[in-house]
Amino acid sequence: MANIDKLYDAIVGAEHQGFLGKKDYSPWIRTKHAPEGGSSAYGPVQLTGGSGSMLANVARGGVDIGASPEEMKWIESKFLPQAQKFLHYGKEPLKEGYHTKYEYGGAGDFTDKDKSLYESISKKLIASELKRAGGEKNIDKFISSWRGKSYEDDPEYYDFIKEQVMMDDVVSEQGSAAF
């Protein structure tokens, strides 16, 4: 699981480049980027919860990431509903029920327990997606799937993650890094 922890940390760093470690900054926010059509991206690895998201697919039973019954219940009762609030209230301050915590850059309403479940589920989702991509030898395929963009569209994101996961790894005699 250490490799998954390292990959999780690399994704956190890529998602919050330039902000992590700054005074009063928390990665527990909704994305600040408001694309046309909206975004529900939230938290350290910016998981999404729209109808086509990885976690919506997990909740529908489309993929088994090894989530416990408690984690599955949390996805369905806490994560996905908060994502819907993000999508409903973002850029809509006149809607009844609007609160800034659901706005772009908002903190959402997760408790410490929610944050713990988020991290656990995120790591299981990362492990599942990495396996589906063919393992650590196919890190570019994993990043493409995770990010939803090609290297050409977002080279900084790819390069950041690859640099972080390879930083401390031992280079084999063939010159390829062992992830």
Does [X] reach the main-chain N or O of [Y] with its side chain, forming a donor-acceptor pair under 3.5 Å?
| X | Y | value |
| --- | --- | --- |
| K91 | A34 | no |
| S26 | W28 | yes |
| N57 | M54 | no |
| S53 | G50 | yes |
| T100 | E103 | no |

Atom [atom1] of [X] and atom [atom2] of [Y]: how far apart are they, to the nearest 0.5 Å?
| X | Y | atom1 | atom2 | result |
| --- | --- | --- | --- | --- |
| I75 | I65 | CD1 | CD1 | 5.0 Å |
| R132 | N138 | CZ | CG | 11.5 Å |
| S40 | Q84 | OG | CD | 7.5 Å |
| Q164 | D159 | CD | CG | 11.5 Å |
| Y102 | Q82 | OH | CD | 6.5 Å |
| R147 | E15 | CZ | CD | 5.0 Å |

Looking only at non-hydrogen atoms, find the nearest pair between [X] and [Y] and report the distance.
| X | Y | answer |
| --- | --- | --- |
| A67 | M72 | CB-SD, 3.7 Å |
| P44 | Y8 | CB-OH, 3.6 Å |
| K124 | G66 | NZ-O, 3.2 Å |
| L80 | A59 | CD1-CB, 3.7 Å |
| A83 | G49 | CB-CA, 3.5 Å |
| I161 | A10 | CG1-O, 3.9 Å |

R30 and Y104: side chain donor to acceptor below 3.5 Å
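Yes, a side-chain donor-acceptor pair sits under 3.5 Å.
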What do you reckon, is NZ of K95 surrounded by more than 12 foreign heavy atoms closer than 6.0 Å?
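Yes, NZ of K95 has more than 12 neighbouring heavy atoms, counting only those of other groups under 6.0 Å.
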Is there a ring pair (Phe, Tyr, Trp, His ring centres under 6.0 Å) between F110 and W74? Walk through the geometry before answering.
CA-CA 11 Å; F110 279 8; W74 179 83; 5.3 Å; yes
With under 30° as parallel and over 60° as perpendicular, where do the rings of Y118 and F79 fit, or are they tilted in between?
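Correct class here is tilted.
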Candidate pair Q46 and H16, rule side chain to side chain contact (heavy atoms under 4.5 Å, CB included), full reasoning
CA-CA 9 Å; Q46 292 291 285; H16 302 275; 4.0 Å; yes
Flag yes if F160 and I4 sit in one hydrophobic cluster, no otherwise; membership is Ile, Leu, Val, Met, Phe, Trp, Tyr, and two members link when side-chain heavy atoms are under 4.5 Å apart.
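Result: no, two separate clusters.
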Using the side chain to side chain contact (heavy atoms under 4.5 Å, CB included) rule, take L7 and I139 through it: C-alpha gap first, then chi angles, then the decisive distance, then the call.
CA-CA 10 Å; L7 188 51; I139 192 74; 4.1 Å; yes
For the residue pair [X] and [Y], establish whether any side-chain heavy-atom pair is separated by less than 4.5 Å.
| X | Y | result |
| --- | --- | --- |
| L47 | Y42 | no |
| L130 | W146 | no |
| E129 | F142 | yes |
| S144 | Y158 | yes |

Run the salt bridge (Lys or Arg N to Asp or Glu O under 4.0 Å) check on E119 and K123 step by step: do they pass?
CA-CA 6 Å; E119 184 174 340; K123 289 178 180 180; 2.8 Å; yes
